[in-house]
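Written out below as structure tokens is the structure these notes cover.
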Amino acid sequence: MTRTSSPATDVLVIGWGLAGLVAAAEALAAGKRVTIIDQESRTNMGGQAWWSFGGLFLIDSPEQRRLGIRDSVELATQDWFGNAGFDRPEDAWPRRWAEAYLQFAAGEKRSWLRERGVGFFPVVGWAERGGSGAIGPGNSVPRFHITWGTGPGIVAPFIAAVEAGEADGRVTVLPRHRVSELILEAGAVVGARGDVLADTDAPRGFPTTRERTGDFEVRAGATIVASGGIGGNHELVRAAWPERLGTPPAHMLTGVPAYVDGSMHGVSSTAGAALINGDRMWHYVEGIENWDPIWPSHGIRILPGPSSLWLDATGTRLPVPLYPGFDTLGTLAHLRSTGHDHSWFITSLKIVEKEFALSGSEQNPDLTGKDVGLLLKSRLAKGPTGRVQSFLDEGPDFIVEDDLESLLAQMQRMPGGELLDIDHVRREVVARDREIDNDFTKDAQIAMLRSMRSYRGDKLIRTAPPHRLQDKSAGPMIAVKLHVLTRKSLGGIHTDLDGRALNAAGEPIPGLFAAGEASGFGGGGVHGYRALEGTFLGGCLFSGRQAGRAAAR
């Protein structure tokens, strides 16, 4: 074993996901020397953000206005606070973070990113549509702006800033450095120490060895924890799972690499940082097993349009307004009350080809590669995108059949299919199809999807024309078995608006800051109980910027 001691630095950043990269870039811009460390190899720079779809929450953007969307800070604030449900004394700082973030999203966020070369797909998506009333959960209008280049496109300018700083000698990058302790002296954090891990040539996202080859110590004037959440650690997810969401699933897929392990939460707590809102979390219920996995239990989320019929494990239709894409946590809580870990979509090829998008940069080569030709071919041509087609062909959770009876028979043969009441499933499909025959209906989902098509963006690329699921011209019919997919921590290190980590008494710990998912994307829980989508990357941007600027003062 060898022990290394790096030269003292002005700012130490722990974690090189989006929040850490932004913090490092801001500290560099302020003229500071920066050391950035991470437990993974340099191949993984960009962290979980690199794998993301690149969705960003903006308010009253030019993209919205061109599509006829009337948005405002007042409407977005109504949505955010109706969604968040802040109700705890420790939510004081998260509330202030939410107010500040909404101003950022309506103000300089877009121009700040555009100055760094970040562009946006012109069609704004409508994620988390709500459906429970004006002051209930959900986005009242489309706000999901897809980054041109997806996750890699949004991390690229900040990686470039770090690399430029490295080239001129102001940045030190230390891969395979895992922090086990924050150094405390006279009540202040003055750096970190931990283990140097063995080198690895594993590709991005693949699990890596935890073999120790030495120790390290880095001293710094300010230390920023930007190490992410707990989504890759099912043990921590289950331990934090709240009663309001039912019992934790026995079987879950994982939506983040294994290195999203929550290890710095405990290290930060030992140094005196208060962890709050750990029971607030964001997991998806439209997870499918990746037929070509990268990390253990690798799942992909279907980003669904509103038309598929959603059934629980027994074949009972989900209640109003739990339709695809409307209320993630409401659907999760309902499905956990059924006592089963999976649910089903029944749909048609016509719906799949228009409404099924797959989350993740690697699942969207047209947007990620900024390939206009491929984009036009894959998004506007007839048939599913290439990646969706690969899941239809290879995915273990997909069933494709020409008629309902064959589909039902295959569903029964799937693991968990024995729970289905096939007669009831048949009734649900047939009854839903009868409602399509008129332009008016008592079926709220059908009424809602017709309403969605009044938005040009949905009509163009996201919502299929209403049709019978058994319509031969829309076929074949498709069933998809869906799983819970772990993703985001909504709680974390308690911080003030400068990103300063607070102790149990609510006082700043000198020298210690936190940003990104490690801080609940700001304040220890800026989203409250629920997120509006497009707000995770934005939270990394804003909290990283706040912490980087404050640490550089």
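Just so we're clear, the structure is a prediction, and the values are computed from it rather than from any experiment.
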Can a donor-acceptor pair be found, under 3.5 Å and without considering hydrogens, that links the side chain of Q39 to the backbone of R176?
no
Under 6.0 Å between the ring centres of W51 and W295?
yes
ring-ring contact (aromatic ring centres under 6.0 Å, His included) with H527: of F57, W80, W282, only one passes, and it is W80
Please report the interatomic distance OG(S359) to CD1(I302), rounded to the nearest 0.5 Å.
11.0 Å
Backbone N or O of P152 within a donor-acceptor pair of the S361 side chain at under 3.5 Å?
no
Could you tell me whether D292 atom CG has more than 12 heavy atoms of other residues or ligands within 6.0 Å of it?
yes
Distance in Å, H342 NE2 paired with H483 NE2, rounded so as to fall on 0.5 Å steps
8.0 Å
Looking at residues at least two apart in the chain, or sitting in another chain, which of them share a side-chain hydrogen bond (donor to acceptor under 3.5 Å, both in side chains) with H334?
none
Derivation of the side chain to side chain contact (heavy atoms under 4.5 Å, CB included) call for L182 and T270:
CA-CA 8 Å; L182 295 173; T270 299; over 6 Å; no
In sequence, state the C-alpha distance, the side-chain angles, and the governing distance for T150 and T368, and then conclude on side-chain hydrogen bond (donor to acceptor under 3.5 Å, both in side chains).
CA-CA 5 Å; T150 67; T368 301; 2.6 Å; yes
Give a yes or no on whether the backbone of G149 and the side-chain of T147 come within a donor-acceptor separation of less than 3.5 Å.
no
Let's go through W97 and T495 carefully: what are the C-alpha distance in whole Å and the side-chain angles of both, what is the deciding distance for side chain to side chain contact (heavy atoms under 4.5 Å, CB included) to 0.1 Å, and is it a yes or a no?
CA-CA 9 Å; W97 271 91; T495 66; 3.6 Å; yes
Could you measure the distance from the CG atom of L358 to the CD atom of E286? Nearest 0.5 Å is fine.
11.5 Å
Taking N503 for the side chain and E507 for the main chain, is one N or O donor matched with an acceptor at less than 3.5 Å?
yes
By ring pair (Phe, Tyr, Trp, His ring centres under 6.0 Å), F158 pairs with (sequence neighbours left out) W112
Return yes if some donor-acceptor pair links the side-chain N/O of N364 with the main-chain N/O of G360 below 3.5 Å, else return no.
yes
Could you label the plane-to-plane angle of the H145 and F120 rings as parallel, tilted or perpendicular, counting under 30° as parallel and over 60° as perpendicular?
perpendicular
Is any side-chain N of the basic residue among D91 and R280 closer than 4.0 Å to the acidic one's carboxylate O?
yes
Qualifying residues under side-chain hydrogen bond (donor to acceptor under 3.5 Å, both in side chains), relative to D498, sequence neighbours excluded
R553
F216 vs H177 aromatic rings, parallel, tilted or perpendicular, using cut-offs 30° and 60°?
tilted
One should read off an interatomic distance between D261 CG and H234 NE2, to the nearest 0.5 angstrom, of 12.5 Å
Between R95 and E90, does the salt bridge (charged side-chain N to carboxylate O under 4.0 Å, His left out) criterion hold? Intermediate values first, please.
CA-CA 9 Å; R95 281 176 179 269; E90 59 267 35; over 6 Å; no
If you measure from CD1 on I230 to OG on S263, what distance do you get to the nearest 0.5 Å?
11.5 Å
Look up atom CG in L275 and atom CG in L502, then write down how far apart they are to the nearest 0.5 Å.
11.5 Å
Pick from E166, R170, R33: which one makes a side chain to side chain contact (heavy atoms under 4.5 Å, CB included) with L28?
R170
